[in-house]
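Predicted, not measured: the structure shown is a model, and the values here were computed from it. Along the sequence shown, residues are numbered consecutively beginning with 1. Ligands are counted one by one from 1 in listed order, and the atoms in each one are counted from 1 as well.
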Amino acid sequence: MEYNFAGRMNGVKGSAIREMFKMMQKPGVISFAGGNPSPETFPVEELKEISQRLLTENPGLYLQYGITEGYAPLAEILSEQMKEKGILKQGDKLLITSGAQQAIDLAAKAILDKGDGLACETPSFIGALNAFRTYEAPLFGIELQPDGIDTKMLEDTLAANPNIKLLYIIPTFQNPSGITASEAKRREVLEICIRHNVLIIEDNPYGELRFAGEDVPTIKSMDESGEHVIYVGSLSKVLSPGLRIGFVVANEKICEKITVLKQVNDVHTNLLSQAMAYEWLKNYSFSEHVQEARALYGHKCSLMLKEMDETFPEYVTYTRPEGGLFIWCTIHKDVDSAKLVKPMIDQNVAFVPGCNFMTDIDAPTPFFRLNYSTSSDENIVKGIHLMAEALKNI
Ligand SMILES: Cc1ncc(COP(=O)(O)O)c(C=O)c1O
């Protein structure tokens with residue numbers, strides 16, 4: 001049958017990363033492709049104890065429907081954390097979502113009419129870009145510089161395109177580039193967006209994973225009025241992505257709209273997961289756990305960078321992240337990095353070519369992303385050496 005799909009599906013392609021996951025199922029593949037946290041960081045024994053206790057003590061509560069806004073004790077504990085960081089202000093609310101992905105999708109759904117524009121860093125997070133594409137939003141890619149988004153280009157783009165209603169930005173340990181925006185750039189971004197009446201979605205799933213350098217305040221915390229930024233957080237990279245817990249902090253008028261959308265989307269976030277996350281945050285040491293994750297990722301990142309420094313040809317340059325999970329590479333030649341995918345998979349190494357992260361997904365790019373969080377040390381060394389050989393022959 002010839003299916004007549006909705007026009008909103010025209011701009012959306014399946015994620016190449018998901019496709020690559022299928023190829024990666026073959027045993028022995030060294031994957032630098034995903035964005036997963038290391039399973040070594042999952043507090044398995046603690047979560048086992050918690051889930052057993054919850055289901056023994058009050059199964060009728062945790063297996064029942066819950067409220068859309070989220071499990072109140074979890075919302076409270078997260079709200080406290082967000083207040084301490086200056087993110088949750090008077091007039092704001094915190095709403096728990098099924099991962100940051102849902103928060104981004106519903107925030108865009110609440111704001112964007114068909115044809116409304118959205119500015120974002122290019123490259124950017126593929127899951128968010130695809131969500132925006134389903135709302136038929138023209139995407140305006142703003143280039144990234146070593147200290148964050150190009151604010152001159154942002155200013156010019158917003159001035160020339162008054163239909164832009166949203167800026168989506170990942171200022172800290174950006175996915176896919178690993179870049180962190182400077183404090184000065186963040187202030188500039190806020191000031192430019194306020195001037196052009198553009199709302200900001202600040203996505204910060206990696207913020208806790210700093211293993212070098214100094215913390216930089218979030219854009220949300222810089223917004224005195226509390227009205228211009230929709231802040232999105234997640235427990236995926238610091239606790240477990242399988243629990244599917246994210247959250248939004250925004251002005252209550254925005255949260256009300258997102259709550260209605262969530263009601264029709266999935267009613268509420270998995271209640272057992274929320275209760276498990278709450279018990280874990282309450283009874284175990286979040287800061288100790290995060291310290292261990294930072295040490296692990298810091299080690300893996302330095303190892304990968306050291307191997308790259310020693311083996312990659314000089315025409316390949318790359319970012320040196322201070323946290324998060326990714327290194328972004330540029331081949332300074334007129335090549336499309338996508339042509340390396342098949343030969344690398346044949347050698348059992350997976351990575352993601354840059355085109356997937358660009359606002360124009362069809363254009364060839366000389367960029368690629370490497371992830372260091374899930375591979376063993378041995379596989380990091382082996383996989384980088386294999387990539388170096390392929391890059392020398394490109
Ligand atoms: C920048 C960014 N935002 C959001 C998400 C989605 O996270 P969650 O698992 O909380 O839905 C990811 C996941 O990789 C991400 O990289």
Side-chain angles (χ1 to χ4, degrees), residues 15-18 20-21 31-39 41-42 70 74 78 82 94-109 118 120-133 139 141 144 148-149 166-181 200-210 218-220 229-249 258 262 265-266 269-270 273-274 276-277 293 297 319 321 323-328 352 354 356-359 369-374:
S15 154
I17 302 174
R18 296 260 148 234
M20 224 166 267
F21 273 141
S31 176
F32 301 145
N36 294 356
S38 167
T41 65
F42 300 156
L74 178 63
L78 291 173
M82 292 300 110
L94 181 142
L95 165 69
I96 293 170
T97 55
S98 300
Q101 177 67 38
Q102 185 185 48
I104 296 162
D105 179 51
L106 297 185
K109 193 174 191 178
L118 179 138
C120 58
E121 296 142 320
T122 186
S124 186
F125 168 50
I126 188 168
L129 297 187
N130 272 345
F132 306 141
R133 290 183 177 114
L139 303 182
L144 265 173
I149 195 165
L166 277 175
L167 169 71
Y168 169 73
I169 189 165
I170 313 157
T172 309
F173 316 134
Q174 204 250 10
N175 179 5
S177 69
I179 286 173
T180 294
I200 299 172
I201 299 179
E202 179 179 21
D203 187 14
N204 191 21
Y206 301 102
E208 294 286 346
L209 300 179
R210 176 177 285 282
T218 58
I219 300 177
K220 177 77 171 77
V229 185
I230 301 172
Y231 179 87
V232 176
S234 175
L235 296 186
S236 285
K237 314 293 173 172
V238 288
L239 173 56
S240 144
L243 292 181
R244 305 305 305 132
I245 296 185
F247 55 94
V248 185
V249 180
I258 297 178
K262 187 169 164 60
N265 190 285
D266 66 352
T269 296
N270 183 315
S273 285
Q274 293 188 73
M276 285 169 69
Y297 298 142
T319 54
L325 307 183
F326 308 108
I327 298 172
W328 182 246
V352 190
N356 296 288
F357 306 102
M358 309 314 264
T359 44
R369 187 189 77 177
L370 298 177
N371 161 272
Y372 44 78
S373 55
T374 53

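- Residue contacts with ligand 1 include P205, since one or more of its heavy atoms lies under 4.0 Å from the ligand.
- Looking from atom 3 (N) of ligand 1 to the surrounding protein, the closest heavy atom is D203 OD2, 2.5 Å.
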Residue pair S124, M358: steps toward the side chain to side chain contact (heavy atoms under 4.5 Å, CB included) verdict: CA-CA 6 Å; S124 186; M358 309 314 264; over 6 Å; no
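- Here CD1 of I230 is found 11.0 Å from CG of L106. Values are rounded to the nearest 0.5 Å.
- Taken from OG in S98 to CD in Q274, the straight-line distance is 8.0 Å, to the nearest 0.5 Å.
- Looking only at heavy atoms of the protein, atom 16 (O) of ligand 1 is closest to Y206 OH, 2.5 Å.
- Closest heavy-atom approach to atom 13 (C) of ligand 1 among the candidates Q174, K237, Q102, R244: K237.
- At least one donor-acceptor pair under 3.5 Å links the side chain of T319 to the backbone N or O of W328.
- Here is the list of ligand 1 atoms found below 4.0 Å of a heavy atom in I170: 1 (C).
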Stepwise side chain to side chain contact (heavy atoms under 4.5 Å, CB included) test for L235 and L243: CA-CA 8 Å; L235 296 186; L243 292 181; over 6 Å; no
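- Atoms of ligand 1 lying under 4.0 Å from at least one heavy atom of S236, given by number and element, are 8 (P), 9 (O), 10 (O).
- Counting only heavy atoms of the protein, atom 12 (C) of ligand 1 lies nearest to F125 CZ, 3.3 Å.
- The distance from ligand 1 to the heavy atoms of S234 drops below 4.0 Å at these ligand atoms: 8 (P), 10 (O).
- Y206 pairs with exactly one of Y297, F326, F173 by the ring pair (Phe, Tyr, Trp, His ring centres under 6.0 Å) rule, that one being F326.
- The protein atom (non-hydrogen) at minimum distance from atom 7 (O) of ligand 1 is A100 CB, 3.8 Å.
- Atoms of ligand 1 lying under 4.0 Å from any heavy atom of N175, numbered from 1 in the order shown and given with element: 1 (C), 15 (C), 16 (O).
- With no hydrogens or angles considered, no side-chain donor-acceptor pair links N356 and R369 at under 3.5 Å.
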